[in-house]
K.L.:
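Following this message is one structure expressed as structure tokens.
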Amino acid sequence: MTTETSVGTHEMGDPGGRLLLVARAVTKAFEGLVANRDIDFEIPRNSIVSIIGPNGAGKTTFFNQLSGVYHPTSGTIELEGTDISHMPPHEVARLGVARTYQNIRLFQNMTVLANVMVGRHVRMHGQWYGAIARTAGIRREEAAAERRGFELLELVGLARSTSGELARNLPYGDQRRLEVGRALASDPKLLLLDEPTAGMNPGETKRMTDFIARLQRDLQLTILLIEHDMKVVMGVSERITVLDYGEKIAEGTPAEIRANPRVIEAYLGKQASA
Amino acid sequence: MPTGSDLRRAISSGLITGGIMIYLVAVGIAPALAERQVITDYLTLGRLMLALPALAVGYLVAGRVGSAIARSASALAAGVVAGGLFSAALLASVALSPGIRSVLVRLSTGVLDFVGFADLGLEATGGALLMFGLAAGLALLGGLIRLAPGAVRRTIVGGAGAMLVVTLLEPFLRPRLLQWGFAEFDDWLYVAHGMTPISATSVFVVGAILTGVWPRARQAAKARVANADPGARSVMRWALLLVALAFLYTVPWLSGSFLTQVIVLVGFYVLLGLGLNIVVGYAGLLDLGYVAFYAVGAYFTALITSPTSALGWGLNFWVALPMVVALSAVVGLMIGAPVLRLRGDYLAIVTLGFGEIARVLLGSEALKPWLGGPTGILSVPFMIGDGKYSLPIIGEQSGAAATYFPLLGFCVLAAFVAHRLKYSRTGRAWNAMREDEDVAQATGISTVNYKLLAFAMGAAVGSVGGAAFATHLQGVVPGGFILLVSITVLAVVVLGGMGSIPGVIVGAFALIGTPELLREFAEYKLLVYGAVLVAVMILRPEGLVPDAARKAELEESRTDDGPLHGPEFDVISGDA
């Protein structure tokens, strides 16, 4: 897959629905400070794409607009043809976007299983009156969600015996896994991972990136990774977008990005590229 | 010998303890209890009150690791410091008496005599020395109890606890015993006031035996339940439920009119606590104006059931109740809507304001034609009949007992609803919101809807409490709906353990019931509230009955319903 073909598809309006998410000319300004400027970006289905850039490049701002936390000052973001640019986060989640956080944000005082079951919220329908009456439908739904929760815990590699533990009592690596499990519980179409290897040593980082690649393959997921460490994304990403000072400075396959002089300059400074 | 840091810790603990003992005397709590006999002629509750801090500090200080000698030495050191400080203060007070009363008004000669053991014929110096020796000895005793093996420790604490309970319950137990024809037992247990040395010892022994047997009996019962087949287990469960119901049914008959009044008061706080627990404990919305919902429930009930109110409808209570609940839920939504964007402290301040607005409005001149201004609304009819009805076995119920039964029903219903909600999609959404609102929203939870739902639910439960309260007093006045009610209910929830249903019940009994049992305390109720809350927050911030039972619940539900015992699932199911 090359830059030319993807641009071509866009110009033809993505007839086959090959693109899951399309962002057009997204600009986000905070009281005069422009964090994202005119960013065009797309995510093909069943792929892993990455956004990289030095600290302060505007990655997380962009990410937050994809999940509805921020709304673009101008430009649009479409998920499968639906404009999500101005939707609140819970509706974006309902449409199938799930995310994790750079500095793990679990529901600390809830059990491991409950964390995953909260993740399942959007795919459940029980209301408070049904819960009080505990109708047969509610019982079925709860049992199914619980079963799914245990499956997901197994999938992300958490022992069944941890399910009753409070999330805050898990070791760091398990907390990361649980966060991924919670995100997966909503059966997402698009999984957004914000620096999933932050705070990990090289061995753990390797295991995590392998895990992400396997997840994508096994679940036919579409994953967007955000990283400031270029090495992490090189192995797993089909395409990489590079941001610097809020602007997109490069886009392409890992090999293209590695060779791109503007990227080297952004990462290593002017001298290195000269 | 204790190490330097242990010693430093013992000394500082001792100083704090001495300060507490001085404080208990200076504000008058301990002397107020000087007339309550625990063991006639030997021990009063007032003396016990002063002894307990010394015992406790010894027990706590000896909890540090180290050799047995070092630990008991630390306990003794703490006691010596505490006793020394206290005795010095006593001597100083006597020397400065009576001038000191211009600053510390409670330190009358009577109080100083009480502290200085004048009843034993001791002069101030002798009394101070005796206090010093006692404090040191008690601290050492506390330390030794801590060092004793677990079983012995439990036994001693159990025996002492039994004595304390029998003492505290004396005013209520005695009339009961006489009524049931146990006059001789009463004579043996209590003399004029307080127990005899023999009966006290017996109570101690019985308490000790019961506590000693308890863990083993519990273990055995657990094992039997675990080994029983599902049919037998469900029989056991029903039997347990029946016993509980039978007990609850006979409570007014067992406890007599005064204790029933106390229990009804506790019941109101249990109901309010369960409602506020949904808002604060489940959803994490700190509501300091909860009294507003209580007031709305009470006033609306009065308005539509009292024949003398401005509306004059004179509706039956049970017809009125659904209307009250619905209206209060709407008020909950109205209060909830403007504060949706606020978090934490800001939310607390705004709800505090709402509570005050409610109180001011109720007593206001503007609404006087409807709500009666400061005089409120009177002639609110009873919930059942004319406040007197007869029940099988236990006979006629009137007064507080007439309120007890419907109130018990409301509490059970509220607890049931709270329990069902807790382990549901709704309850999890609330908990997630409490833990991290942003993440909850990103997970797909409409925080706006769930906040409003929490406010409406809390309001509905609170209004039922208000409605029952209006009928209990047969009227409403604005003076009953003050900020203190909101704070007390919050204290009940926090003390019991946020989010915990049994916690609310225990919290209400501890915070509302105990002060009623110690009438001498009435004056110091708020002081005790404050002290208890500070102590709980430091020593046990998760509350008396924390919500960690969740884990056990989860395991139980798994073995009960068995949906998770199926064949091993495929790692990845197709619906992802």
Side-chain angles (χ1 to χ4, degrees), chain A residues 67-69 88-94 97-99 101 105-111 113-115 117-128 130-134 138-139 141-148 150-151 154-155 163-167 182-187 218-221, chain B residues 278 284 413 416-450 453-454 456-457 498-499 542 547-548 550-555 557-558 561-566 568-576:
Chain A
S67 57
V69 176
H90 66 273
E91 283 175 30
V92 176
R94 196 173 298 269
V97 178
R99 66 171 293 183
Y101 296 83
R105 288 172 78 172
L106 289 168
F107 304 123
Q108 298 283 349
N109 295 308
M110 297 175 74
T111 64
L113 182 62
N115 266 274
M117 286 176 78
V118 170
R120 192 84 193 140
H121 185 86
V122 287
R123 300 293 163 246
M124 297 171 75
H125 307 282
Q127 296 296 324
W128 59 274
I132 293 171
R134 209 160 163 200
I138 291 281
R139 281 208 300 273
E141 188 181 72
E142 283 287 309
E146 212 169 273
R147 210 159 38 226
R148 182 83 184 117
F150 277 108
E151 286 171 16
E154 197 171 335
L155 176 69
S163 66
E165 298 254 2
L166 294 186
R182 180 179 69 191
L184 290 176
S186 64
D187 299 341
D218 291 353
L219 298 177
Q220 300 291 300
L221 267 176
Chain B
I278 293 178
L413 189 67
F416 173 80
V417 167
H419 178 79
R420 281 277 167 94
L421 285 176
K422 186 170 176 174
Y423 302 100
S424 73
R425 177 174 179 255
T426 308
R428 284 191 301 270
W430 277 334
N431 286 346
M433 213 162 71
R434 175 194 69 198
E435 294 294 314
D436 193 326
E437 200 173 323
D438 297 325
V439 179
Q441 212 182 357
T443 316
I445 293 162
S446 165
T447 49
V448 168
N449 290 353
Y450 278 94
L453 183 62
M457 285 274 175
M498 297 237 258
E542 70 276 25
D547 190 29
R550 208 177 305 188
K551 191 173 157 186
E553 291 270 358
L554 211 78
E555 266 152 20
S557 77
R558 219 177 311 157
D561 307 323
L564 303 163
H565 279 302
E568 290 305 309
F569 348 95
D570 299 329
V571 172
I572 298 152
S573 72
D575 61 338

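Letters go in sequence order (proteins before strands), and every chain restarts at 1.
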K.L.:
Work out which heavy atom in B/Tyr423 is nearest to a heavy atom in A/Glu142; give both atom names and the distance.
P.N.:
O-OE1, 4.0 Å
K.L.:
Counting the benzene-type ring for Trp, do B/Tyr450 and A/His90 have ring centres under 6.0 Å apart?
P.N.:
no
K.L.:
Work out which heavy atom in A/His121 is nearest to a heavy atom in B/Ala429; give both atom names and the distance.
P.N.:
CE1-CB, 3.7 Å
K.L.:
What's the shortest heavy-atom distance between B/Asp436 and A/Phe107, and which atoms?
P.N.:
O-CE2, 3.9 Å
K.L.:
Looking at chain B, which one of A/Gly119, A/Gly126, A/Ala145, A/Pro88 has the largest number of heavy-atom pairs inside 4.5 Å, strictly under?
P.N.:
A/Gly126
K.L.:
With distance as the sole test, does A/Gln108 use its side chain to make a donor-acceptor pair with the main-chain N or O of B/Glu435 at under 3.5 Å?
P.N.:
no
K.L.:
Taking the side chain as C-beta and beyond, is there a heavy-atom pair between B/Ile445 and A/Val118 under 4.5 Å?
P.N.:
yes
K.L.:
Please classify the contact between A/Ala183 and chain B as side chain, backbone, both or neither, with a heavy-atom cut-off of under 4.5 Å.
P.N.:
neither
K.L.:
Could you pull out the closest heavy-atom pair between B/Ala442 and A/Tyr101, with the gap in Å?
P.N.:
CB-OH, 3.2 Å
K.L.:
Quick one: does any side-chain atom of B/Arg425 pair with a main-chain N or O of A/Gln127 as donor and acceptor, under 3.5 Å?
P.N.:
no
K.L.:
Please classify the contact of A/Arg123 with chain B as side chain, backbone, both or neither, using a heavy-atom distance under 4.5 Å.
P.N.:
neither
K.L.:
Considering all heavy atoms of both residues, which atom of A/Val122 and which atom of B/Thr443 are nearest to each other, and what is their separation?
P.N.:
CG1-O, 3.7 Å
K.L.:
Using non-hydrogen atoms only, which part of B/Ser424 is less than 4.5 Å away from chain A: side chain, backbone, both, or neither?
P.N.:
both
K.L.:
Examine distances only and state if a side-chain atom of A/Arg105 and a backbone atom of B/Val439 form a donor-acceptor pair shorter than 3.5 Å.
P.N.:
no
